[in-house]
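To start, the structure under review is shown below, and the notes come after it.
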Amino acid sequence: MLTKFEVKVLNLTKKIPKGKVTTYKEIAKALNTKAYRAVGTALKKNPYAKVPCHRVINSNGKVGSYKGKPNSKEKIRLLKKEGIEMKNNKINLKKFTFSFS
DNA sequence: TCTTTACTCAAGG
DNA sequence: CCTTGAGTAAAGA
């Protein structure tokens, strides 16, 4: 059962274009809320294949967690494959952060 | 840079 | 009601 909040989060996350990444903060902002943590909670609770959770990272440029593990190598590698440049496990937010309108 | 603390809110117990 | 969580920001060391 998905809540309204989760639907919003998933919807936005699905809109993330390839080669781009989004931060939890941006998503929360797009939802007009401050529930940064709730965003992450919603993503982890919804193993929706259509949702590229791996494109959602922390505002500090780190990938944060994925599949319940911090700095998941898979996530990093996948992002890198997407075309995201990285600096010692950190992503260039300035270039690859996608902003919602 | 790292750690601690405070803030915040949804979900689960 | 209390704890947890895929966070963020500010402050201190």
Side-chain angles (χ1 to χ4, degrees):
Chain A
M1 178 58 182
L2 299 175
T3 64
K4 299 269 178 72
F5 184 81
E6 291 182 334
V7 173
K8 290 178 182 178
V9 174
L10 297 174
N11 183 37
L12 285 173
T13 305
K14 284 191 291 187
K15 291 177 182 175
I16 302 174
K18 178 177 174 293
K20 287 269 185 175
V21 293
T22 299
T23 64
Y24 296 100
K25 186 175 172 44
E26 285 295 307
I27 296 175
K29 189 165 173 282
L31 297 179
N32 200 34
T33 182
K34 302 165 183 96
Y36 319 115
R37 310 194 71 162
V39 174
T41 302
L43 288 175
K44 85 165 185 170
K45 287 182 57 189
N46 291 277
Y48 214 149
K50 306 277 196 270
V51 184
C53 329
H54 61 269
R55 285 185 193 155
V56 184
I57 61 176
N58 295 23
S59 64
N60 63 299
K62 298 195 169 205
V63 297
S65 302
Y66 187 57
K67 299 289 197 246
K69 294 175 183 175
N71 297 317
S72 285
K73 208 67 192 273
E74 287 294 299
K75 184 169 180 178
I76 296 173
R77 204 178 82 111
L78 185 53
L79 289 171
K80 246 178 124 180
K81 196 171 184 181
E82 291 286 310
I84 313 303
E85 294 177 50
M86 306 193 64
K87 195 67 141 189
N88 190 19
N89 294 334
K90 289 188 180 176
I91 299 174
N92 298 348
L93 291 174
K94 201 168 183 180
K95 286 187 176 182
F96 302 104
T97 302
F98 173 71
S99 301
F100 297 99
S101 305

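Order of the sequence lines fixes the chain letters, A, B, ..., with proteins taken first and strands second; residue numbering starts at 1 for each chain.
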As a test of reading the structure: which of [options] is closest to the side chain of [X], going by heavy atoms?
{"X": "C53(A)", "options": "dT8(C), dA6(C), dG5(C)", "result": "dA6(C)"}
{"X": "T41(A)", "options": "dT8(B), dT8(C), dG5(C)", "result": "dG5(C)"}
{"X": "T33(A)", "options": "dG7(C), dA6(C), dC9(B)", "result": "dC9(B)"}
{"X": "R37(A)", "options": "dT8(C), dG5(C), dA6(C)", "result": "dG5(C)"}
{"X": "F5(A)", "options": "dA10(B), dA6(C), dG7(C)", "result": "dA10(B)"}

Separation of [X] atom [atom1] from [N] atom [atom2], in whole Å?
{"X": "I57(A)", "N": "dA6(C)", "atom1": "CD1", "atom2": "C1'", "value": "12 Å"}
{"X": "E6(A)", "N": "dA6(C)", "atom1": "CD", "atom2": "P", "value": "13 Å"}
{"X": "Y24(A)", "N": "dT8(B)", "atom1": "OH", "atom2": "P", "value": "21 Å"}
{"X": "Y66(A)", "N": "dA6(C)", "atom1": "OH", "atom2": "P", "value": "14 Å"}
{"X": "E26(A)", "N": "dT8(C)", "atom1": "CD", "atom2": "P", "value": "10 Å"}
{"X": "I27(A)", "N": "dT8(C)", "atom1": "CD1", "atom2": "C1'", "value": "14 Å"}
{"X": "L43(A)", "N": "dT4(C)", "atom1": "CG", "atom2": "P", "value": "22 Å"}
{"X": "K90(A)", "N": "dC2(B)", "atom1": "NZ", "atom2": "P", "value": "7 Å"}

Just to be sure I understand the rule, does T3(A) reach a base, reach only the sugar-phosphate, or reach nothing, if contact means heavy atoms closer than 4.0 Å?
sugar-phosphate

With heavy atoms under 4.0 Å as the rule, sort A38(A) into base, sugar-phosphate or nothing.
base

Judged by atom type as modelled, is there a donor-acceptor pair below 3.5 Å linking the side chain of K87(A) to the main-chain atoms of N92(A)?
no

Whether [X] contacts [N] is assessed here as follows: a side-chain N or O lying under 4.0 Å from the phosphate OP1 or OP2. Is that the case?
{"X": "K29(A)", "N": "dT8(C)", "answer": "no"}
{"X": "N58(A)", "N": "dT8(C)", "answer": "yes"}
{"X": "K34(A)", "N": "dT8(B)", "answer": "no"}
{"X": "S59(A)", "N": "dT8(C)", "answer": "yes"}

H54(A) and L79(A), any side-chain heavy atoms less than 4.5 Å apart
yes

Heavy-atom check, side chain of K8(A) versus side chain of L12(A), under 4.5 Å:
no

dA6(B) versus dA6(C) - spacing of their P atoms, nearest Å
22 Å

Could you tell me whether K67(A) and E74(A) make a salt bridge, using a distance below 4.0 angstrom between a side-chain N and a carboxylate O?
no

For T33(A) and F5(A) the tightest heavy-atom approach is CG2-CE1, 4.1 Å

With both distances under 3.5 angstrom, what nucleotide forms a Watson-Crick or G-U wobble pair with dA10(B)?
dT4(C)

Taking atom NZ of K29(A) as the centre, does the number of heavy atoms from other residues, nucleotides or ligands within less than 6.0 Å exceed 12?
no

